[in-house]
Structure formats: structure tokens, C-alpha cells
Enquirer: 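Input: one structure, supplied below.
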Amino acid sequence: MHLDVLDLRQFYYRTRLGRIAQKAVRERMLKMWPEAKGQTVVGFGFAVPLLRPYLADARRVIALMPGEQGVMPWPAGLENVSALCRESLWPVQSESADKLVCLHGVETSEHPAAVLEECQRVLAPGGRALFIVPNRSGMWARRDGTPFGFGRPYSLGQLEAQLKRHDFVPERHAAALFSPPSHRKFWLKSSDMLERIGGKLTRSRAGGVILLEASKRVPARPRPGLAAAVRRPLRVLEGAPTPAGVSGRDVS
């Protein structure tokens with residue numbers, strides 16, 4: 001089930017561990033998506049800790065929060081862009097999102113298929129979606145003291161398979177949160193160093209979360225004239241001699 005928005009806000013904005021997690025995941029995302037100038041950016045779940053870098057240049061930023069979680073106004077001190085919605089019915093036009101960020105939206109949902117169907121609907125052809133989920137083999141999924149310890153953790157293969165079932169094409173992946181989910185000062189102080197070291201690793205299982213970028217599968221357009229060519233009768237037997245005693249009308 002979804003976590004309460006007050007608990008999410010408390011973790012990400014009021015605890016040092018939460019601010020470290022926010023920074024680590026956001027920096028990994030920005031390496032994949034450094035800018036969104038003139039684009040429409042949609043976040044679902046509790047994606048607001050990651051969306052602030054796009055506020056200045058994006059054409060529009062929308063932060064959707066499911067009713068089961070609750071909503072909070074965001075960003076502080078600026079015009080509100082967050083909205084409460086149903087998991088299966090987002091107030092966003094179809095094929096309008098150039099970038100879609102899903103954080104704490106899939107793994108905590110009781111209806112992940114409905115969430116992915118809405119992701120598929122709102123993502124524009126040529127757009128990109130980024131799904132951020134707890135890594136089932138990572139340390140963060142094993143501790144319920146953080147939001148990543150709730151819901152269903154995924155392996156990279158499991159997440160890719162689920163996205164493919166909803167007509168997404170996995171493009172590339174990354175990992176983040178290589179430091180332990182600990183409030184101890186030693187680990188908090190070492191987090192930046194561990195993220196730098198972990199960022200050089202190629203195996204996603206080492207991180208606490210998986211970031212998987214996906215595009216929308218768009219059906220190929222039929223080639224012009226192909227249907228007409230198929231409908232035309234074959235001419236391969238034209239000119240062949242007709243067997244004796246058989247007229248053209250007798251051949252069906």
C-alpha cells in the first residue's frame with residue numbers, strides 16, 4: 001500500500017538520511033536527463049524530491065500524487081504544481097508528457113498494472129519514462145525505516161519484464177543509494193564517497209534502488225500501397241499454356 005504523504009515528507013525533507021537519499025537519486029537521474037527545456041515533465045507517486053531541477057526551464061511540471069497516499073502543496077514558495085489523482089485516472093492529456101518520473105508509485109501500488117497503463121497513456125511518442133524502485137537485492141529494501149523498505153522490491157529483470165508487458169521498451173538503467181540506510185554519523189558522512197564509488201560499478205544489484213529508463217512502444221506504420229499489392233491477384237501463371245480439355249472458365 002502507499003505510504004502517507006506526511007511520512008514521505010518527513011523522511012525526505014526533515015531527516016539527514018532522507019536528504020542524502022534525495023540528493024543521490026536526483027544526481028543519478030540528472031546524469032541521464034540533464035535538462036528538460038521546453039518540455040512537459042510529469043511525476044507520479046512522490047516524485048517531487050526529484051523534479052525541482054526542471055522547474056526553471058520546463059514548459060510545464062506536474063506532480064501527481066495518488067489518493068491513497070495524499071497530497072501536499074509543492075514547491076514551497078512557488079506556484080503549486082501538485083495534484084491529487086486516482087491511480088487509474090490522471091488529469092493529464094494523452095501523449096503529452098515528454099518526461100515521466102515515477103518514484104514510490106509502482107512498488108507501493110495495489111494495482112501496478114493500472115499505474116503502468118496510465119504511464120503508457122500520458123507518455124508522448126519519443127518521450128522517456130524513468131521508473132525508480134527498490135532493488136530487491138539491495139540493503140534499502142530490507143529496512144522498513146525508509147520508504148524504500150515498503151512495497152514490492154524488484155530485480156532489474158523483473159522490472160524490465162513488467163514494463164515490456166505494458167508496451168514499454170527498456171532503454172538503459174542505473175543504480176543509486178550505495179551507502180547503508182543508516183542514521184549513524186559515520187555512514188552519513190561517507191555517503192558521498194560511497195555514491196561516487198558505486199556509480200562506477202556496472203552491476204545494478206549493488207545499489208539500493210534501480211533507475212530504469214523506458215520509451216513507449218509505437219506500432220510501426222504500414223508501408224503505403226502494401227495492402228493494395230497483397231489484394232491484387234497473383235500473375236505468376238499468366239502466359240502458361242492451358243491443359244488440353246480445360247478451359248479458363250473451368251479453373252477455379
Enquirer: Are V115 and F44 close enough that some pair of their side-chain heavy atoms sits under 4.5 Å apart?
Expert: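 Answer yes - side chains close enough.
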
Enquirer: Is there side-chain contact between E171 and V169, with heavy atoms separated by less than 4.5 Å?
Expert: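 Contact flag for E171/V169 side chains = yes.
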
Enquirer: Could you measure the distance from the CG atom of L30 to the CD atom of E27? Nearest 0.5 Å is fine.
Expert: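 The CD atom of E27 is 7.5 Å from CG of L30, to the nearest 0.5 Å.
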
Enquirer: Considering all heavy atoms of both residues, which atom of S215 and which atom of L123 are nearest to each other, and what is their separation?
Expert: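 The answer is C-CD2, 4.4 Å.
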
Enquirer: Keeping N135 on the side-chain end and G207 on the backbone end, is there a donor-acceptor pair under 3.5 Å?
Expert: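 Yes, N135 side chain to G207 backbone: donor-acceptor pair under 3.5 Å.
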
Enquirer: Return all side-chain donor-acceptor pairs below 3.5 angstrom for residues 51-67, not counting sequence neighbours, or 'none' if the list is empty.
Expert:
| unit_1 | atom_1 | unit_2 | atom_2 | d |
| --- | --- | --- | --- | --- |
| Y54 | OH | W33 | O | 2.8 |
| R59 | NH2 | T40 | OG1 | 2.7 |

Enquirer: E95: which residues meet the side chain to side chain contact (heavy atoms under 4.5 Å, CB included) condition with it, sequence neighbours left out?
Expert: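 Side chain to side chain contact (heavy atoms under 4.5 Å, CB included) check on E95 returns P125, K216.
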
Enquirer: If you compare all heavy atoms of A47 against all heavy atoms of G43, which two are closest, and at what distance to 0.1 Å?
Expert: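 Nearest heavy atoms, A47 then G43: CB-CA, 3.9 Å.
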
Enquirer: Is there a donor-acceptor pair under 3.5 Å between the side chain of S109 and the backbone N or O of V106?
Expert: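 Not at all, since once roles are kept as given, no pair shorter than 3.5 Å links the two residues.
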
Enquirer: Hey, does the side chain of Q120 reach the backbone of H166 with a donor-acceptor pair shorter than 3.5 angstrom?
Expert: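 Between the backbone of H166 and the side chain of Q120 there is a qualifying donor-acceptor contact (under 3.5 Å).
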
Enquirer: Between R9 and R14, is there a donor-acceptor pair closer than 3.5 Å when you use the side chain of the first and the backbone of the second?
Expert: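 Between the backbone of R14 and the side chain of R9 there is no qualifying donor-acceptor contact (under 3.5 Å).
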
Enquirer: For residues 138-145, tabulate all N or O donor-acceptor pairs below 3.5 Å that involve a side-chain atom, not counting sequence neighbours.
Expert:
| unit_1 | atom_1 | unit_2 | atom_2 | d |
| --- | --- | --- | --- | --- |
| W140 | NE1 | S179 | O | 2.8 |
| R142 | NE | G138 | O | 3.4 |
| R142 | NH2 | S137 | O | 3.2 |
| R143 | NH1 | P181 | O | 3.0 |
| R143 | NH2 | P181 | O | 3.3 |

Enquirer: Below 6.0 angstrom between ring centroids: does that apply to F150 and H104?
Expert: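 No; H104 has its ring centre 6.0 Å or more from that of F150.
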
Enquirer: Does the side chain of P147 reach to within under 4.5 Å of the side chain of D7, using non-hydrogen atoms?
Expert: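 A side-chain contact under 4.5 Å is absent here.
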
Enquirer: Set out, in order, the CA-CA distance, both residues' side-chain angles and the distance that settles side chain to side chain contact (heavy atoms under 4.5 Å, CB included) for Q69 and D4, then state yes or no.
Expert: CA-CA 5 Å; Q69 168 190 291; D4 189 274; over 6 Å; no

Enquirer: Indicate whether the side chain of R121 and that of S94 have a donor and an acceptor atom separated by less than 3.5 Å.
Expert: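 Yes, S94 and R121 have a side-chain donor paired with an acceptor closer than 3.5 Å.
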
Enquirer: What heavy-atom pair brings K31 and P34 nearest, and what distance separates the two atoms?
Expert: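 Smallest heavy-atom distance, with atoms named: O-CD, 4.4 Å.
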
Enquirer: Are more than 12 heavy atoms, taken from residues, nucleotides or ligands other than Q10, located less than 6.0 Å from that residue's CD atom?
Expert: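 Check passes, neighbour count above 12.
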
Enquirer: If you apply the rule side chain to side chain contact (heavy atoms under 4.5 Å, CB included), what do you find for K99 with V42, and how did you get there?
Expert: CA-CA 6 Å; K99 285 183 169 63; V42 176; over 6 Å; no

Enquirer: So that I can tick it off, tell me whether D98 and R128 are bridged by a salt bridge, with the cut-off set at under 4.0 angstrom between side-chain N and carboxylate O.
Expert: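 A salt bridge is absent here (no side-chain N lies under 4.0 Å from a carboxylate O).
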
Enquirer: When rounded to the nearest 0.5 angstrom, what is the spacing between CG in L17 and NE2 in H183?
Expert: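 One gets 4.5 Å once the value is rounded to the nearest 0.5 Å.
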
Enquirer: Could you state whether L6 and L103 fall into the same hydrophobic cluster, counting links through intermediate Ile, Leu, Val, Met, Phe, Trp or Tyr residues with side-chain heavy atoms under 4.5 angstrom apart?
Expert: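 L6 and L103: one cluster.
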
Enquirer: Look at the rings of Y12 and F46 and say which category their plane angle falls in: under 30° parallel, 30 to 60° tilted, over 60° perpendicular.
Expert: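 Rings of Y12 and F46: parallel, under 30°.
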
Enquirer: Enter the distance from F178:CZ to S191:OG here, rounded to the nearest 0.5 Å.
Expert: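 Those atoms lie 13.0 Å apart.
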
Enquirer: Could you work out, with side chain to side chain contact (heavy atoms under 4.5 Å, CB included) as the rule, every residue matching R152, not counting sequence neighbours?
Expert: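 Side chain to side chain contact (heavy atoms under 4.5 Å, CB included) list for R152, sorted by chain: P112, Y154.
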
Enquirer: Which atoms form the tightest heavy-atom contact between A214 and L163, and what is the distance?
Expert: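 A214 and L163 have their closest heavy atoms at CB-CD1, 4.2 Å.
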
Enquirer: Tell me whether the count of non-hydrogen atoms from other residues, nucleotides or ligands lying under 6.0 Å of CZ in R172 goes above 12.
Expert: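 Yes - once you tally the heavy atoms of other residues, nucleotides and ligands closer than 6.0 Å, there are more than 12.
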
Enquirer: Take F11 and T146 through the side chain to side chain contact (heavy atoms under 4.5 Å, CB included) test and state the conclusion after the steps.
Expert: CA-CA 7 Å; F11 174 75; T146 80; 3.9 Å; yes

Enquirer: Are P49 and Y13 side-chain neighbours, meaning at least one heavy-atom pair lies under 4.5 Å?
Expert: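 When only atoms from C-beta onward are counted, Y13 and P49 do touch, with a gap below 4.5 Å.
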
Enquirer: Looking at K164 and E160, does any basic side-chain N land under 4.0 Å from a carboxylate oxygen?
Expert: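 Salt bridge: no.
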
Enquirer: Is the closest side-chain heavy-atom distance between S155 and I210 below 4.5 Å?
Expert: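 They are not in contact (no side-chain heavy atoms under 4.5 Å apart), so the answer is no.
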
Enquirer: What distance separates H111 NE2 from E118 CD, expressed to the nearest 0.5 Å?
Expert: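 Between atom NE2 of H111 and atom CD of E118 there are 13.5 Å.
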
Enquirer: Taking all non-hydrogen atoms of both residues into account, name the closest pair between M32 and A174 and its distance.
Expert: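 Smallest heavy-atom distance, with atoms named: SD-CB, 4.1 Å.
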
Enquirer: Is it true that, when you exclude E35 itself, more than 12 heavy atoms of the residues, nucleotides or ligands shown sit nearer than 6.0 Å to its CD?
Expert: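 Check passes, neighbour count above 12.
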
Enquirer: What's the separation between atom OG in S190 and atom CD1 in I197, rounded to the nearest 0.5 Å?
Expert: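 Between S190 OG and I197 CD1, I get 9.5 Å after rounding to 0.5 Å.
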
Enquirer: Going by heavy atoms in the side chains, are Q158 and R136 under 4.5 Å from each other?
Expert: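 Yes; the side chains approach each other to less than 4.5 Å.
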
Enquirer: Which atom pairs, donor and acceptor, lie under 3.5 Å between side-chain atoms of residues 76-84 and protein residues at least two apart or in another chain?
Expert:
| unit_1 | atom_1 | unit_2 | atom_2 | d |
| --- | --- | --- | --- | --- |
| N80 | OD1 | W74 | N | 2.9 |
| N80 | OD1 | S82 | N | 3.4 |
| N80 | OD1 | S82 | OG | 2.8 |
| N80 | ND2 | S82 | O | 3.0 |
| S82 | OG | M72 | O | 2.7 |

Enquirer: Report yes or no: do L89 and V122 belong to one cluster of Ile/Leu/Val/Met/Phe/Trp/Tyr joined by side chain heavy-atom distances under 4.5 Å?
Expert: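 No, because L89 and V122 fall into different hydrophobic clusters, even though each may have its own neighbours under 4.5 Å.
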
Enquirer: How many angstroms lie between CD1 in I132 and CG in L50, if you round to the nearest 0.5 Å?
Expert: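 If we round to the nearest 0.5 Å, I132:CD1 and L50:CG are 5.0 Å apart.
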
Enquirer: List for me each residue that meets side chain to side chain contact (heavy atoms under 4.5 Å, CB included) alongside A176, sequence neighbours excluded, and say none if there are none.
Expert: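 Result, side chain to side chain contact (heavy atoms under 4.5 Å, CB included) vs A176: V25, R28, E195, V209, L211.
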
Enquirer: As a quick check of understanding, evaluate side chain to side chain contact (heavy atoms under 4.5 Å, CB included) for E213 and F131, giving each step before the final call.
Expert: CA-CA 6 Å; E213 182 192 51; F131 298 93; over 6 Å; no

